[in-house]
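Below is one structure, written out as structure tokens; the observations come after it.
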Amino acid sequence: MKHKWGLLPAALVAAVTLAGCGGSGDESGTEAGAPAKLTFAIASAVIGPKEEVAVYAVAKELGYFDEEKLTVETINTDGSVAALQAVASGSGDLTAADTGSILGAVQKNVPVKAIGGLVQNWPWVMAVKPDSTLTGGADLKGKKIGVISLASGSAPYARAYVAAAGLDPAKDVELLPVGVGAQAAAALKDGKVDVLALYTQAYAVIENSGTTLKYLDNPDAFDGIRSLSFAVGARKLDDNKDVYTRFLRAAYKAMLFSAKNPEAAMRIGYKVFPQILAGKDAAAQLPADTRSLTAWLKTATPASGSPDQFGDWGAISDQEWTKTQAYTKEAGQITGDVSLGDVWEPGLLSGANQFDKAAVLDKAANYPAQ
């Protein structure tokens with residue numbers, strides 16, 4: 001990988017060594033239920049219809065953070081590696097980062113730990129132009145693959161995809177950062193790249209603009225692999241479990257609301273993050289952005305059933321961890337197995353799931369249309 005934890009700037013290395021939690025309490029921890037401040041590091045440089053809307057904006061606007069006595073702010077980072085750097089250094093308290101990047105960080109002794117799952121259905125897929133003759137990984141030898149950035153989960157996915165086809169990702173393909181949205185679409189259309197390696201919500205945005213794409217099938221090896229998970233600084237975890245539990249509870253309530261009423265969630269997203277509109281008319285933009293958010297929600301909620309049946313928010317099984325580790329090794333993010341106890345703390349999920357699901361669903365069903 002080109003992004004090495006060993007290449008952290010000296011100032012950041014010092015910060016990782018010395019940092020406390022970025023506002024959630026002092027070294028002795030936070031008293032249970034006491035007011036706390038948190039910084040949520042968004043693993044993307046661009047705000048869009050995804051976790052920052054369904055997790056953060058909805059929880060903020062509907063008072064779910066207030067109910068937990070939390071003041072939560074956001075910062076943007078350039079992908080999961082950068083988001084985990086922020087959490088490790090103390091400039092962020094929590095992030096929703098690529099699980100493979102979390103594993104990679106832990107193997108390199110970066111003090112981060114996963115505390116809850118988020119995206120549970122594999123969201124990454126390869127896309128080409130409709131008239132492309134490319135049909136699978138074996139066709140990608142000598143091709144250029146467009147990834148969001150070399151610090152995002154897009155890059156390891158691309159490497160694992162070609163490796164699953166028997167190619168050497170270090171020699172047989174070239175990864176080029178193309179971002180998302182119009183920039184990524186233009187790179188594919190203009191021939192700067194032969195294929196894109198993005199997540200489903202990003203493709204929904206491109207298709208909403210009128211661009212037609214053809215998708216390549218993923219190998220079965222990607223089934224059951226986890227994508228985004230919530231992560232925190234490991235050194236502060238023991239002292240701040242109550243605070244993080246309250247954050248997760250607010251976040252999962254917001255997720256349930258969003259799954260039940262994605263259009264309302266998107267309108268809330270505009271209110272909290274007006275930059276999503278980029279000056280466009282909200283009424284005109286709402287249908288397309290709601291489709292994009294719905295595409296993201298399908299990756300972050302159970303593949304079957306309806307919102308009133310959803311439960312056990314954040315759970316990740318041992319089998320899913322095993323598959324995710326195998327994928328992460330294939331992608332080159334880790335070189336060996338990581339002890340599950342070193343990377344995963346599921347003990348907060350019981351408390352995070354203690355909320356009135358019926359009340360959340362009722363609020364979503366009856367949320368004002370305007």
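The chain is numbered in sequence order, starting from 1. FYI, side chains are in, hydrogens and waters are out, and symmetry mates aren't considered; it's all heavy atoms of this structure. Everything quoted here is computed from the prediction, not taken from an experiment.
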Can you confirm whether or not the ring centre of [X] sits under 6.0 Å from the ring centre of [Y]?
{"X": "Y157", "Y": "F222", "result": "yes"}
{"X": "F247", "Y": "F40", "result": "yes"}
{"X": "W124", "Y": "Y327", "result": "no"}

Do [X] and [Y] touch side chain to side chain, with heavy atoms closer than 4.5 Å?
{"X": "Q120", "Y": "R226", "answer": "yes"}
{"X": "F257", "Y": "Y64", "answer": "yes"}
{"X": "T211", "Y": "L188", "answer": "no"}
{"X": "L176", "Y": "K192", "answer": "no"}
{"X": "S229", "Y": "I102", "answer": "yes"}

> Could you walk me through whether N240 and V232 pass the side-chain contact (heavy atoms from CB on, under 4.5 Å) check?
Replying inline: CA-CA 10 Å; N240 293 281; V232 300; over 6 Å; no
> Do V205 and Y270 belong together in a cluster built from hydrophobic side chains that touch within less than 4.5 Å?
Replying inline: no
Is a donor on one side and an acceptor on the other found under 3.5 Å between the side chain of [X] and the backbone of [Y]?
{"X": "N76", "Y": "S44", "answer": "yes"}
{"X": "D139", "Y": "L134", "answer": "no"}
{"X": "R249", "Y": "G351", "answer": "yes"}

[atom1] ([X]) with more than 12 external heavy atoms under 6.0 Å:
{"X": "K214", "atom1": "NZ", "result": "yes"}
{"X": "E73", "atom1": "CD", "result": "no"}
{"X": "D362", "atom1": "CG", "result": "yes"}
{"X": "K357", "atom1": "NZ", "result": "yes"}
{"X": "K298", "atom1": "NZ", "result": "no"}
{"X": "Q319", "atom1": "CD", "result": "no"}

Measuring from [X]:[atom1] to [Y]:[atom2], what's the distance to the nearest 0.5 Å?
{"X": "L216", "Y": "S132", "atom1": "CG", "atom2": "OG", "value": "7.0 Å"}
{"X": "Y56", "Y": "T74", "atom1": "OH", "atom2": "OG1", "value": "5.0 Å"}
{"X": "T301", "Y": "L256", "atom1": "OG1", "atom2": "CG", "value": "10.0 Å"}
{"X": "L175", "Y": "S154", "atom1": "CG", "atom2": "OG", "value": "8.0 Å"}

>> Testing the basics here: between G314 and L349, what is the closest heavy-atom pair and its distance to 0.1 Å?
In response: O-CD1, 3.3 Å
> Is any NZ, NE, NH1 or NH2 atom of the basic residue among K323 and D223 found under 4.0 Å from an Asp or Glu carboxylate oxygen of the other?
Replying inline: no
>> Salt bridge or not between E207 and R291? Use side-chain N to carboxylate O under 4.0 Å.
In response: no
>> For V53 and I276: C-alpha separation, side-chain torsions, deciding distance, then whether side-chain contact (heavy atoms from CB on, under 4.5 Å) applies.
In response: CA-CA 10 Å; V53 170; I276 294 175; 3.8 Å; yes
